[in-house]
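Read through the structure below, which is laid out as structure tokens, and then see the notes.
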Amino acid sequence: MAETPVIHVLNGPNLNLLGVREPHIYGHETLADIEQRCVKAGGGAKIVFRQTNHEGVLVDWIQEAREGAHALILNPAAYGHTSVALHDALKTLSIPVIELHLSNPAAREAFRHHSYVSSAATGVIAGFGANGYELAVQAALNLIRERP
Ligand code: CA2
């Protein structure tokens with residue numbers, strides 16, 4: 001029997017406020033709603049879904065993905081635009097990494113145009129709202145299936 005895919009989905013600062021503030025930018029769904037979408041899209045995959053407001057905790061969780069995760073999905077939120085530490089941690093992984101954003105940072109303020117995560121990611125999904133999380137889980141499953 002094939003091994004159950006394990007996908008870690010990590011979320012950075014302020015994403016705990018989803019569905020509560022700024023719905024015109026980030027939508028009406030809460031992070032708990034989005035977690036359910038990921039579980040459904042995973043179709044039996046193990047989804048480890050987490051959020052933190054702390055950069056170092058994200059680094060710890062990225063390092064933790066070295067043991068047991070088959071793919072990592074990361075919405076780094078604002079830390080994507082600032083964090084060399086996230087870039088360095090991601091570079092230590094040998095599993096597929098998908099950078100994910102609800103909005104399309106390239107279509108927003110100039111300070112959101114650069115990402116320290118993109119150059120350490122396998123691919124980027126941005127601008128599709130909560131649906132982007134489902135797309136990311138599907139992409140992760142494909143990448144896991146295609147691995148050599
Ligand atoms: O579009 C995304 O997913 C972002 O990663 C969201 C970040 C932003 O800094 C990135 O440029 C793009 C901000 C997350 C803030 O989340 C909130 C949710 C509800 C209310 C207020 C903030």
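One-based numbering, in listed order, for ligands and for the atoms of each.
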V117 vs E99 side-chain heavy atoms within contact, under 4.5 Å: yes

Atom 13 (C) of ligand 1: the protein heavy-atom neighbour that sits closest, reported with distance to 0.1 Å: Y26 OH, 3.3 Å

Y116 and H114 aromatic centres sub-6.0 Å: yes

Atom 15 (C) of ligand 1: nearest protein contact (heavy atom, Å): N14 CB, 3.6 Å

Donor-acceptor pair between N11 and Y133 side chains, under 3.5 angstrom: yes

Closest non-hydrogen atom pair, I95 against L72: CD1-N, 4.0 Å

Atoms of ligand 1 close to A78 [distance to a heavy atom under 4.0 angstrom, numbered from 1]: 9 (O)

Salt bridge R37-E29, side-chain N to carboxylate O under 4.0 Å: yes

Non-hydrogen atoms of I73 and L100 that approach each other most closely: CG2-CD2, 3.9 Å

Min N/O separation E22 to ligand 1 under 3.5 Å: no

Residue and atom name of the nearest protein heavy atom (relative to atom 20 (C) of ligand 1), distance in Å to one decimal: R21 O, 3.2 Å

Nearest atoms (heavy-atom pairs only) where A77 meets L15: CB-CD1, 4.0 Å

Which of the ligand 1 atoms, numbered from 1, are nearer than 4.0 Å to a heavy atom of L102: 1 (O), 2 (C), 3 (O)

Residue L18 vicinity, atoms of ligand 1 by number, heavy atom under 4.0 Å: 18 (C), 19 (C)

Any N/O pair R112/ligand 1 closer than 3.5 Å: yes

Top protein contact for atom 1 (O) of ligand 1, by heavy-atom distance: S103 OG, 2.5 Å

N75-ligand 1 polar pair, N/O distance under 3.5 Å: yes

For H81, the ligand 1 atoms whose distance to one of its heavy atoms is below 4.0 Å: 10 (C), 11 (O)

Closest protein heavy atom (residue, atom, distance) for atom 12 (C) of ligand 1: H101 ND1, 3.6 Å

R50 bridged to E35 by N-O distance under 4.0 Å: no

